[in-house]
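Computed over heavy atoms, backbone and side chain alike; hydrogens, waters and symmetry mates excluded.
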Amino acid sequence: MSDSLGLDEPPQPQRGGDAYRVLARKYRPQTFPALIGQEAMVRTLENAIRRDRIAHAFLLTGVRGVGKTSTARLIAKALNCVGEDGQGGPTIDPCGKCEPCRAIAEGRHIDVIEMDAASHTGIDDIREIIEASRYAAVSARYKIYIIDEVHMLSKAAFNGLLKTLEEPPAHVKFLFATTEVNKVPVTVLSRCQRFDLRRIPAEKLADHFAWVCAEEAVEAQPEALALIARAAEGSARDGLSILDQAIAHADLEGGGVSAAAVRDMLGLSDRGAVRDLLGLLLAGDAPGALVALRRQYDLGVDPQSVFRALLEAVHGVTLVKVGTAADPAQPEDERGAYGEWAGRLSFAMLHRLWQLLLKGHDEVARAAMPIETAEMALLRVVHASTLPDPGELARQIASGGITVNGPAVAAPARSERPASEFASLMALLPERGHHALYHRLRSNARLVRIAPGEIAFSGSRPVSADTLTEFAQVLKAETGRAWKIAMVDEPGEPSMKEADDAADEAARQAILDSPIVAAARAAFPDAELIDWPKRSVL
């Protein structure tokens with residue numbers, strides 16, 4: 001009993017080494033072989049250390065959670081390890097037991113300085129590093145500076161670092177990590193040895209999560225781990241954080257980590273429900289598709305997630321049709337459904353379905369009414385699924401599989417403009433370089449009559465006096481005789497441009513009236529004829 005209140009004191013929390021550590025920290029790689037999916041980088045570092053060709057600055061870039069900071073710490077250990085006997089040198093396989101290795105792993109080594117550039121962005125912070133780098137390491141082989149998110153340094157800070165970065169003291173190494181390498185100045189990049197850490201493949205992440213579950217004595221379904229690996233998007237840290245949450249969720253229910261629990265936790269649409277919805281869309285069942293969508297929505301699934309899952313399904317079907325290797329983490333029933341769809345859907349249909357779903361996904365992402373927008377987008381997909389493929393439609397019409405009422409209208413033969421003295425004279429103009437004069441006469445001159453040395457144009461579309469004079473001068477130079485060119489108040493023939501435009505329109509209409517095009521326009525009412533053989537202009 002408490003002397004003051006007469007109540008039992010609540011139990012005090014225990015402090016010490018038994019505090020729970022999240023999986024992302026507990027299973028941080030402590031050796032280079034423990035880095036997942038970065039074999040090429042490890043091999044390069046191993047060769048550099050073995051040949052004593054160690055760069056003075058390293059830049060590690062990649063998406064979040066692929067091991068940039070962990071790699072930097074491992075490099076620091078590799079360069080400063082002295083071995084269990086204290087006589088070792090730099091090695092790609094640090095012992096992890098000597099004092100430098102233990103101190104670096106625990107973040108307390110005086111000669112390995114970590115700085116977060118997100119909170120130390122200014123020139124003053126860099127000036128401290130430059131001043132301190134002049135002094136030799138206290139107890140380690142190398143003084144190492146690890147700067148995380150280096151792209152967030154200010155321009156002045158980068159400029160202040162350049163000279164030291166190019167010619168650092170022999171005892172100093174710089175290790176930079178960033179997720180946005182494009183924001184790092186080229187002057188800095190050129191002074192660093194760059195390593196691009198790859199996204200970790202989903203199958204490797206799933207295997208790693210299975211190992212973690214075994215270490216933690218937690219049962220987990222392979223499909224659940226595959227879902228977590230996909231959701232991690234190549235990041236081991238993100239995946240371990242999701243796995244941590246999934247294990248806590250499973251403990252509350254008194255069972256292992258199940259695929260259904262992971263879907264519910266992540267708000268993912270059930271893959272079986274997605275396949276059912278895709279089947280309804282391909283069958284043109286609009287009411288059924290809307291009911292299936294609402295069912296997912298009522299379960300708490302975001303409409304945008306439904307479209308993303310549909311896009312993943314269409315992508316999976318396309319990969320099967322192309323003939324890519326099967327995903328080992330893919331359920332057998334899903335593999336069978338994808339194979340069946342790949343067998344009966346053409347590439348054109350799959351690409352059209354992809355574009356429709358992608359458009360719907362973008363519309364839902366921006367919509368003020370997501371579920372209503374999702375329904376309208378699905379109805380558009382259903383409507384498109386009932387339309388014939390244009391190429392297949394053309395083949396059916398050509399083979400007689402589809403007939404069109406009404407007689408076929410043949411395109412009229414497009415004969416050249418009848419040869420005449422005027423046409424011959426006009427042809428001289430572009431040949432002799434008088435292009436502007438040719439186009440003015442072609443557009444406006446309506447011929448009434450022509451005789452040797454005389455041309456009359458209709459005054460219903462007047463041609464300027466300057467143009468007539470220029471034309472007469474050109475003709476005199478070409479024919480050696482004077483020409484009288486005048487405007488008369490009489491109707492004339494259509495100008496050359498008017499005649500050509502009329503011929504082009506007749507050809508266009510003939511194409512539109514042809515059976516195959518008429519059938520295509522009937523199937524696709526919004527289709528337009530945007531190109532057809534037109535009369536060329538000199």
How far does [atom1] of [X] sit from [atom2] of [Y], to the nearest 0.5 angstrom?
| X | Y | atom1 | atom2 | result |
| --- | --- | --- | --- | --- |
| Glu114 | Asp148 | CD | CG | 8.0 Å |
| Leu225 | His208 | CG | NE2 | 11.5 Å |
| Asp111 | Ile144 | CG | CD1 | 9.0 Å |
| Ser70 | Ile75 | OG | CD1 | 11.0 Å |
| Thr44 | Gln193 | OG1 | CD | 7.5 Å |
| Leu290 | Leu277 | CG | CG | 9.5 Å |

Verify, without hydrogens or angle tests, whether [X] (side chain) and [Y] (backbone) share a donor-acceptor contact under 3.5 angstrom.
| X | Y | value |
| --- | --- | --- |
| Arg199 | Glu233 | yes |
| Lys143 | Tyr135 | yes |
| Glu363 | Ala374 | no |
| His361 | Leu357 | no |
| Lys183 | Thr178 | no |
| Arg141 | Leu79 | yes |
| Glu46 | Ile92 | no |
| Arg380 | Met376 | no |
| Thr164 | Leu161 | no |
| His171 | Ser133 | yes |

Of all heavy-atom pairs between [X] and [Y], which one has the smallest distance, and what is that distance?
| X | Y | value |
| --- | --- | --- |
| Pro90 | Ile54 | CB-CD1, 4.5 Å |
| Tyr27 | Glu216 | OH-OE2, 2.5 Å |
| Ala24 | Leu240 | CA-CD1, 3.8 Å |
| Leu379 | Ala286 | CD2-CB, 3.7 Å |
| Cys95 | Cys81 | N-SG, 3.4 Å |
| Ala236 | Leu205 | CA-CD2, 3.7 Å |

Discussion item. Using the rule side chain to side chain contact (heavy atoms under 4.5 Å, CB included), only one of Leu353, Leu345, Leu319 pairs with Val314; which is it?
Written reply: Leu353
Worksheet item: Under the criterion side chain to side chain contact (heavy atoms under 4.5 Å, CB included), which of Asp238, Val218, Val212 is the partner of Leu243?
Response: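 Result for side chain to side chain contact (heavy atoms under 4.5 Å, CB included) with Leu243: Val212.
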More than 12 non-hydrogen atoms from neighbouring residues, nucleotides or ligands closer than 6.0 Å to [atom1] on [X], yes or no?
| X | atom1 | result |
| --- | --- | --- |
| Ile110 | CD1 | no |
| Arg28 | CZ | yes |
| Arg308 | CZ | no |
| Tyr297 | OH | no |
| Arg108 | CZ | yes |
| Arg344 | CZ | yes |

Item to complete: Output, in order, the C-alpha distance, side-chain angles, deciding distance and verdict of salt bridge (charged side-chain N to carboxylate O under 4.0 Å, His left out) for Glu39 and Arg43.
Response: CA-CA 6 Å; Glu39 293 79 8; Arg43 185 164 54 251; over 6 Å; no
Using a strict cut-off of less than 4.0 Å between a Lys/Arg side-chain nitrogen and an Asp/Glu carboxylate oxygen, indicate whether [X] and [Y] qualify as a salt bridge.
| X | Y | value |
| --- | --- | --- |
| Lys26 | Glu215 | no |
| Arg102 | Glu99 | yes |
| Asp196 | Arg194 | yes |

Side-chain touch [X]/[Y], heavy atoms, less than 4.5 angstrom:
| X | Y | value |
| --- | --- | --- |
| Ile129 | Ile147 | yes |
| Phe209 | Val257 | no |
| His120 | Leu153 | no |
| Asp124 | Glu128 | no |
| Phe58 | Leu45 | yes |
| Leu59 | Val150 | yes |
| Glu312 | Arg230 | no |
| Glu149 | Thr179 | yes |

Fill in: Exercise: do Arg64 and Ser235 side chains pair donor with acceptor under 3.5 Å
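No, because no side-chain N or O of Arg64 sits under 3.5 Å from a partner of the opposite role on Ser235.
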Discussion item. If you apply the rule ring pair (Phe, Tyr, Trp, His ring centres under 6.0 Å), what do you find for Trp354 with His351, and how did you get there?
Written reply: CA-CA 5 Å; Trp354 172 268; His351 291 319; 9.0 Å; no
Practice prompt. Evaluate the criterion side chain to side chain contact (heavy atoms under 4.5 Å, CB included) for residue pair Arg366 and Asp362; output intermediate values, then yes/no.
Written response: CA-CA 7 Å; Arg366 302 190 305 267; Asp362 293 343; 3.7 Å; yes
Discussion item. Using side chain to side chain contact (heavy atoms under 4.5 Å, CB included), reason through Thr71 and Val42 one step at a time and then give a plain yes or no.
Written reply: CA-CA 9 Å; Thr71 300; Val42 173; over 6 Å; no
Practice prompt. Applying side chain to side chain contact (heavy atoms under 4.5 Å, CB included), run through Val274 and Val306 and close with a yes or a no.
Written response: CA-CA 7 Å; Val274 169; Val306 175; 5.6 Å; no
Worksheet item: Yes or no on salt bridge (charged side-chain N to carboxylate O under 4.0 Å, His left out) for Arg127 and Glu131, after CA distance, side-chain angles and deciding distance?
Response: CA-CA 6 Å; Arg127 188 177 291 116; Glu131 293 296 328; over 6 Å; no
Practice prompt. Apply side chain to side chain contact (heavy atoms under 4.5 Å, CB included) to Arg134 and Val172, showing your working.
Written response: CA-CA 9 Å; Arg134 299 177 182 178; Val172 173; over 6 Å; no
Item to complete: With sequence neighbours excluded, give me every salt bridge (Lys or Arg N to Asp or Glu O under 4.0 Å) pair touching residues 281-300.
Response: Arg294-Glu375
Worksheet entry | Over-ring placement of Lys321 relative to Phe347, 6.0 Å and 45° cut-offs | yes
